[in-house]
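Please read the structure below before turning to the comments.
Along the sequence shown, residues carry numbers from 1. Every value quoted in this text rests on a predicted model; they were computed, and no experiment measured them.
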Amino acid sequence: MHSVVKTWLAFGLAFFMTGCGQETVQSKPEIHITGSTMGTYYSIKVADGAVKDAAKLQAEVDVLLERVNDQMSTYRPDSELSRFNQHKGNTPVVVSRDTARVVTEAIHIGRESRGALDVTVGPLVNLWGFGPDAKPTKVPSDELINQTRQKTGLGNLHVVTSADADTLQKDIPDLYVDLSAIAKGFGVDKVAEYLESLGSRNYLVEIGGELRINGVNGKGHPWRVAIEKPTANAGSVQEVILPGDNGVATSGEYRNYYEMDGKRFSHTIDPVTGKPIQHRLVSVTVINPSCMTADGLATVFMVMGPEKSLAYAKERGIAIFIITKTDDGFEEAYSDAFKPFLVKK
């Protein structure tokens with residue numbers, strides 16, 4: 001949902017459907033488990049014989065996702081990331097390989113997008129009232145925005161990896177890293193990797209609307225995913241896609257906003273301006289082999305807006321689908337790379 005910082009409490013903006021037009025005899029039993037993690041839900045379906053014990057799978061998945069929380073949650077004061085955020089020096093802080101991997105990808109996406117994804121933007125998110133701080137009673141002044149921006153910047157964040165240890169370093173004491181724009185996708189990838197280690201090749205993993213899909217469902221059909229209409233009423237479908245063996249991430253700004261002095265303020269903060277986005281892009285869906293990468297790119301495109309995001313995606317062959325609000329309703333557009341995933345009507 002955002003640099004923006006995508007909150008752990010985000011609701012899923014894409015949801016899956018396993019139905020298809022032609023019913024056949026179910027060829028494989030589907031194991032389906034659900035639970036909660038990262039302030040949202042997870043749902044996992046496995047449609048082959050690689051997993052037979054649902055309770056054991058649930059226990060293992062819960063342990064795996066708890067570990068991700070212990071590494072990267074900003075809501076846990078003793079997580080790896082929280083300890084780094086509390087550290088005021090510029091000496092290296094040892095972190096797990098997973099945390100280093102996610103921060104490295106966040107920095108890479110941020111640099112490639114010229115700062116559209118910035119995982120250090122938390123102080124600005126808080127300033128505008130979308131973090132733990134209360135909503136401001138008046139619009140922050142340019143002076144206050146500029147002061148707050150001095151505490152941010154991807155250039156102040158470094159990952160150093162070696163055979164001995166992986167470390168994070170900061171150049172300024174107040175640097176605060178929030179990985180919620182990318183960590184949910186990483187959690188999805190971790191569960192998918194675990195399922196594959198068990199020998200599963202037919203599964204659907206979802207955490208709060210971010211997905212990783214492989215193979216077919218229990219009826220032997222490719223998994224289908226619905227992209228939600230960007231309206232207040234959840235559950236209506238904009239398009240149906242067949243993502244193949246890929247990750248899918250959707251970001252939207254149509255539910256998380258407030259109005260003040262007659263103006264609407266989105267939770268999506270542009271790190272370059274330090275202010276909420278002003279364009280009319282309300283939803284973007286990205287398909288990528290890595291759900292972590294798709295998650296981060298969805299934030300990038302929400303910041304960029306419709307024209308820049310489509311141009312960026314075209315230049316790099318990225319599969320994106322966007323919905324823009326117009327005076328006459330909603331308008332959809334997609335990159336050439338996304339076209340093969342659309343279900344023909």
Side-chain angles (χ1 to χ4, degrees), residues 12 14-18 26-38 40-72 96-106 108-109 161 166 179 182-225 241-250 285-298 318-319 340-341:
F15 57 93
F16 62 85
M17 302 190 305
T18 55
Q26 186 152 326
S27 55
K28 298 273 187 184
E30 285 183 3
I31 284 182
H32 185 201
I33 62 171
T34 60
S36 58
T37 187
M38 303 179 188
T40 185
Y41 65 90
Y42 70 75
S43 175
I44 299 164
K45 291 193 173 188
V46 183
D48 51 37
V51 177
K52 296 182 174 63
D53 188 334
K56 184 179 177 186
L57 175 65
Q58 179 125 35
E60 293 294 335
V61 166
D62 284 341
V63 168
L64 188 153
L65 292 174
E66 269 297 290
R67 189 177 305 128
V68 176
N69 271 308
D70 284 340
Q71 291 164 340
M72 297 172 226
S96 63
R97 177 117 322 166
D98 282 349
T99 299
R101 175 180 161 192
V102 175
V103 174
T104 298
E105 180 67 0
H108 172 72
I109 294 173
T161 60
D166 297 295
L179 297 173
I182 192 169
K184 196 145 54 99
F186 173 76
V188 170
D189 286 336
K190 285 294 282 188
V191 174
E193 288 167 11
Y194 173 67
L195 292 176
E196 293 194 356
S197 77
L198 299 177
S200 176
R201 295 296 177 266
N202 301 292
Y203 58 79
L204 184 152
V205 177
E206 180 189 8
I207 299 178
E210 318 297 18
L211 302 140
R212 178 89 171 261
I213 295 161
N214 212 78
V216 296
N217 63 20
K219 294 182 172 65
H221 301 301
W223 301 100
R224 291 184 171 212
V225 173
I241 57 174
L242 290 166
D245 299 345
N246 279 302
V248 185
T250 297
T285 298
V286 180
I287 297 178
N288 186 279
S290 161
C291 189
M292 171 176 64
T293 301
D295 205 3
L297 286 172
I318 299 170
F341 302 114

Look at the side chain of E206 and the backbone N and O of S43, then say whether any donor-acceptor pair between them is shorter than 3.5 Å. no
Begin from the C-alpha positions of N217 and L204 and carry the test side-chain contact (heavy atoms from CB on, under 4.5 Å) through to its verdict. CA-CA 8 Å; N217 63 20; L204 184 152; over 6 Å; no
Under 3.5 Å, is there a donor-acceptor pair between the side chain of W223 and the main chain of Y203? yes
Look at the side chain of N288 and the backbone N and O of A294, then say whether any donor-acceptor pair between them is shorter than 3.5 Å. no
Distance alone, cut at 3.5 Å: any donor-acceptor contact between the side chains of Q71 and S96? yes
Quick check for you: to the nearest 0.5 Å, what is the distance between E60 atom CD and K56 atom NZ? 6.5 Å
I need the D70 CG to L65 CG distance, nearest 0.5 Å. 11.0 Å
Passes side-chain contact (heavy atoms from CB on, under 4.5 Å), F341 versus N246? Steps please. CA-CA 11 Å; F341 302 114; N246 279 302; 3.8 Å; yes
Who are the side chain to side chain contact (heavy atoms under 4.5 Å, CB included) partners of A59, not counting sequence neighbours? none
Once side chain to side chain contact (heavy atoms under 4.5 Å, CB included) is applied, do any residues pair with L242, and if so which ones, sequence neighbours excluded? P222, R224, V343
Any side-chain heavy-atom pair of T34 and Y41 under 4.5 Å: no
Could you verify whether a donor N or O on one side chain and an acceptor N or O on the other, from Q58 and Y42, lie under 3.5 Å apart? yes
How about I109 and I182: do any of their side-chain heavy atoms sit closer than 4.5 Å? yes
Nearest 0.5 Å please: distance from the CD atom of E66 over to the CG atom of N69. 5.5 Å
Is there side-chain contact between L211 and V188, with at least one heavy-atom pair below 4.5 Å? no
Pairwise side-chain contact, V61 with I44, heavy-atom cut-off 4.5 Å (strictly under): yes
Shortest non-hydrogen contact between G218 and A47, atoms and distance: N-CB, 3.6 Å
To the nearest 0.5 Å, what is the distance between OG1 on T285 and CG on L297? 12.5 Å
When rounded to the nearest 0.5 angstrom, what distance separates CG in L195 from NZ in K45? 14.0 Å
Identify the residue among V51, D62, V46, L57 that makes a side-chain contact (heavy atoms from CB on, under 4.5 Å) with I33. L57
Between S290 and D189, is there a side-chain donor-acceptor contact under 3.5 Å, judged purely by atom types and distance? yes
State, yes or no, whether a side-chain contact exists between V286 and I318 at a heavy-atom distance under 4.5 Å. yes
Taking side chain as C-beta onward, heavy atoms only, is V216 less than 4.5 Å from H221? no
So, the side chain of D166 versus the backbone of A100: is there a donor-acceptor pair under 3.5 Å, distance only? no
Side-chain heavy-atom pair I207, T40 within 4.5 angstrom cut-off: yes
Within the distance-only criterion (no hydrogens, no angle test), does the side chain of K184 pair as donor or acceptor with the backbone N or O of M38 below 3.5 angstrom? no
Can E210 and V248 be said to form a side-chain contact (heavy atoms from CB on, under 4.5 Å), step by step? CA-CA 6 Å; E210 318 297 18; V248 185; over 6 Å; no
Ion pair check, E196 and K190, cut-off under 4.0 Å: no
Could you grab the distance from atom OH of Y194 to atom OG of S200, nearest 0.5 Å is fine? 11.0 Å
Go through the steps for N202 and N214 under the test side-chain contact (heavy atoms from CB on, under 4.5 Å), then give the verdict. CA-CA 5 Å; N202 301 292; N214 212 78; 5.9 Å; no
State, with a plain yes or no, whether a side-chain heavy atom of R212 is found less than 4.5 Å away from one of V191. no
